[in-house]
Structures are given as C-alpha cells and as structure tokens.
Number of protein chains: 2
Amino acid sequence: MNSRPAPFDDLDRKIVTALMANARTSFAEIGSAVGLSATAVKRRVDRMRETGVITGFTATVTPEALGWRTEAYVEVYCEGAAPPRRLAEVVRNHPEITAAMTVTGGADALLHVRARDVDHFEAVLERIRTEPFIRKTISVMVLSHLLPESPEAGASQPAPDVR
Amino acid sequence: MNSRPAPFDDLDRKIVTALMANARTSFAEIGSAVGLSATAVKRRVDRMRETGVITGFTATVTPEALGWRTEAYVEVYCEGAAPPRRLAEVVRNHPEITAAMTVTGGADALLHVRARDVDHFEAVLERIRTEPFIRKTISVMVLSHLLPESPEAGASQPAPDVR
DNA sequence: TGTGAAACCAGGAAGAT
DNA sequence: ATCTTCCTGGTTTCACA
C-alpha cells in the first residue's frame with residue numbers, strides 16, 4: 001500500500017499515541033503536548049490518514065453491551081489449494097466473522113467469530129461449513145479474557161437484540 | 001460494573017454506530033442524524049461511558065506503519081491447573097502480547113502477539129516460555145489478512161523502530 | 001509551520017414537553 | 001425525567017504569509 005517509507009518522525013508518533021489514547025482529543029491539546037500549533041497537528045493527522053498510517057477513529061464498545069456474548073476462533077481447512085481471494089469473498093458473506101487471516105500450520109485460515117450466544121454461534125458455524133470448498137472447521141471458544149480487551153472489541157455491526 | 005440493565009434503546013444504538021464509524025464525529029452532527037440535539041447526544045454518550053458500554057475512543061493504526069510487521073497466535077499449555085489470575089499476571093509482563101484469553105480445547109490459553117519481525121518474535125517466545133508454569137507453546141503465524149483488519153489492529157504501545 | 005478570521009462545536013444553565 | 005434552546009468559550013479549518 002505504501003511502498004514509500006512515508007516519513008514518520010517522533011512528532012507523528014506522539015500524535016498517534018495521543019489519538020490512540022483518546023481519539024477525541026482536540027488538535028489544540030495535542031499540539032500543546034507535542035509543541036505544535038493545532039493547524040500543524042491537523043495537517044499531520046490528515047497526511048497520516050492519506051498515507052494509511054491512521055485508518056480511522058472508532059469508539060471501543062464492550063461487545064457484551066451490544067449483545068455479542070459468545071466469541072470463538074475457528075480454524076478452517078479447505079479442499080485442495082485455498083486461494084486467498086476466494087476465501088476473502090466467503091469471509092465477507094458472514095458478518096459475524098470479525099477477523100480472518102491465512103496462517104501457518106495445519107489450517108488454511110483462522111477466523112475470529114462473534115455471536116449472540118452459543119445457539120447463534122452454532123448457526124454461523126453451520127452456515128460457514130456449507131461454503132463450497134471448506135472441508136472442516138475446528139472451533140476454540142473463548143472463555144475469559146486475561147487482558148482488558150483493548151480494541152479488537154468491535155463487531156463493526158453494532159446490534160442484535162439486547163434483552 | 002453495570003448491575004443495572006442500563007436501558008439501551010435504538011437511539012443509543014444509532015449513536016454508538018455513528019461513533020464506531022467515526023469517533024470524531026461531532027455531537028451536533030450525530031444529533032441531526034438521529035434526531036436529537038447535540039446536548040442530548042452528549043448526555044447519552046456520557047451515560048454509556050459511565051455504564052461501560054463505551055470504553056473509549058481510539059485511532060486505528062496500521063500496525064506495519066508503527067513497525068509491527070509480525071503477528072502470531074500462540075497456544076499456551078500449562079503445568080497442571082492453570083489459575084487464570086496467575087496467567088493474567090504473566091501476560092501483563094510481555095507488552096508484545098496484545099490479547100490473551102483462556103479457551104476451550106487442548107490449550108489453556110491463547111495469546112495474540114505482535115513483534116517487529118521474526119527475530120523479535122522468537123525472542124518474545126523464548127521469554128514467554130521461561131515463565132514458571134508454562135509447559136509448551138504452539139505458534140501459528142499470521143500470513144495475510146482476509147478482512148480490512150478493522151480495529152484489533154493496535155499494539156497499544158506505539159513504536160519500535162521504523163527503518 | 002504559524003497566524004488570524006469565520007464557522008462550528010462543547011458544555012452548562014434555564015425552561016418547555 | 002428527558003429533550004430543547006440559548007449562550008459563551010474553545011475548536012476546527014481555511015487562506016495567506
């Protein structure tokens with residue numbers, strides 16, 4: 001995406017740090033923390049968005065609050081060679097898949113899945129397994145988190161039902 | 001944290017959706033999108049932060065841009081019973097661990113690890129394996145992402161070196 | 001990069017529904 | 001109660017130096 005090194009100095013790093021800590025911090029405040037004017041900070045942020053260093057600003061939400069109470073990792077095994085392009089298509093058909101990647105090891109891909117509950121998860125799993133060239137899946141359910149679950153939280157679709 | 005169900009209506013859902021799409025959207029703009037005044041939107045956002053529905057606002061950053069070019073999942077197997085409390089302590093000792101959870105299946109825990117490169121990852125792995133009651137680890141390296149890697153991006157520590 | 005100006009926004013007070 | 005309107009100080013964003 002950016003073959004060019006895209007100059008990225010300590011000032012940029014400090015600005016990014018500030019925005020990761022609180023994406024709603026005003027440019028003026030960031031500026032006085034790093035020693036720039038608000039305008040200069042804005043210009044740097046705009047540039048970092050253009051070059052793809054910063055991809056967006058998002059609210060981090062407790063998934064449980066939105067009704068996503070079940071979380072699992074699913075290893076996917078494909079028939080024959082698994083073309084990543086085709087896999088990517090498949091993955092986009094299932095909104096419950098919040099992350100997906102090709103990996104080393106026995107499996108072809110690893111999916112991160114969020115569902116309302118175990119019933120919903122089972123339905124998602126069945127739906128995934130009917131996809132053409134998926135041979136088998138192995139699911140690992142998440143029991144509890146050992147870290148404050150920083151971002152990585154958001155099922156970008158916000159809401160099923162909350163009782 | 002929230003013993004009370006914390007009423008959460010469609011308006012709240014829309015507000016959260018707007019903030020997840022762009023955490024820097026002004027309250028006024030959100031208000032005109034959902035049919036409320038800016039003040040009303042702010043109050044609802046404040047309440048959602050208090051009740052823990054919204055845990056923060058953060059910039060999403062391409063990890064590669066910050067020098068994290070290697071990513072892996074590490075299954076952890078412990079000696080005997082693995083007390084989650086102790087595991088959580090261990091996990092916090094290694095800043096490269098960006099997510100950690102207890103899971104079903106053969107392993108006791110699953111770690112998400114980011115490192116600068118494979119050398120760095122190897123060092124992290126060795127460091128983890130010297131922890132007292134960790135018996136063995138199985139690593140799965142991430143090759144490529146099949147989804148735009150929404151959040152879940154951030155190693156909350158921003159920077160090693162960018163060549 | 002910084003400065004200045006105009007438009008816009010945040011956040012509180014007071015009042016209407 | 002919760003929403004709205006109004007108001008003041010701060011913020012964003014532009015053109016220009």
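No experiment lies behind these values; they were computed from the predicted model shown. Chain A is the first sequence line, chain B the second, and so forth, proteins listed ahead of strands; every chain is numbered from 1.
- Taking hydrophobic clusters as Ile, Leu, Val, Met, Phe, Trp and Tyr residues chained together by side-chain heavy-atom distances below 4.5 Å, B/I134 shares a cluster with B/V113.
- Distance CG (B/L19) to P (C/dC9): 15 Å, rounded to an integer number of Å.
- Contacts of A/T39 with the nucleic acid, taken as non-hydrogen atoms under 4.0 Å apart, include base atoms.
- When rounded to the nearest whole Å, the span between CZ of A/F27 and P of D/dT12 equals 6 Å.
- Across the protein-nucleic acid pair, B/D9 atom CG and D/dT2 atom P stand 11 Å apart, rounded to whole Å.
- Cluster membership check: A/L143 does not share its hydrophobic cluster with B/M101, using side-chain heavy-atom separations under 4.5 Å among Ile, Leu, Val, Met, Phe, Trp and Tyr.
- Side chain to side chain, B/T60 and A/T58 fail the donor-acceptor criterion of an N or O pair below 3.5 Å.
- Between B/R24 and C/dC9 there is no side-chain polar atom (N or O) within less than 4.0 angstrom of OP1 or OP2.
- If you take NZ of A/K42 and C1' of C/dC9, they are 15 Å apart, rounded to a whole angstrom.
- Atom P of nucleotide D/dT12 and atom CZ of A/F57 are separated by 11 Å, given to the nearest angstrom.
- We find that CG of A/N22 is positioned 13 Å from P of C/dA10, with the value rounded to whole Å.
- The backbone N or O of A/C78 sits less than 3.5 Å from a side-chain atom of A/D108, completing a donor-acceptor pair.
- For C/dG11, its base never sits under 3.5 Å from the side chain of B/R43 at any donor and acceptor pair.
- Residue-level contact check: B/S37 touches the bases, meaning some heavy atom is under 4.0 Å from a base atom.
- Counting to the nearest Å, the P atom of C/dG11 and the CZ atom of B/R47 are 17 Å from each other.
- Rounding to whole angstrom units, CD1 of residue A/I30 and C1' of D/dG10 are separated by 15 Å.
- In this model, no donor atom of one side chain and acceptor atom of the other lie less than 3.5 Å apart for B/T55 and A/T62.
- Closest contact between the side chain of A/R44 and the listed nucleotides D/dT12, C/dT1, C/dG11 involves C/dT1.
- In this structure, B/L11 and A/E29 both approach DNA chain D, and ranking their closest nucleotides by distance from the 5' end singles out B/L11.
- Side-chain proximity of A/L36 to the nucleotides C/dG2, C/dG12, D/dT12 is greatest for C/dG2.
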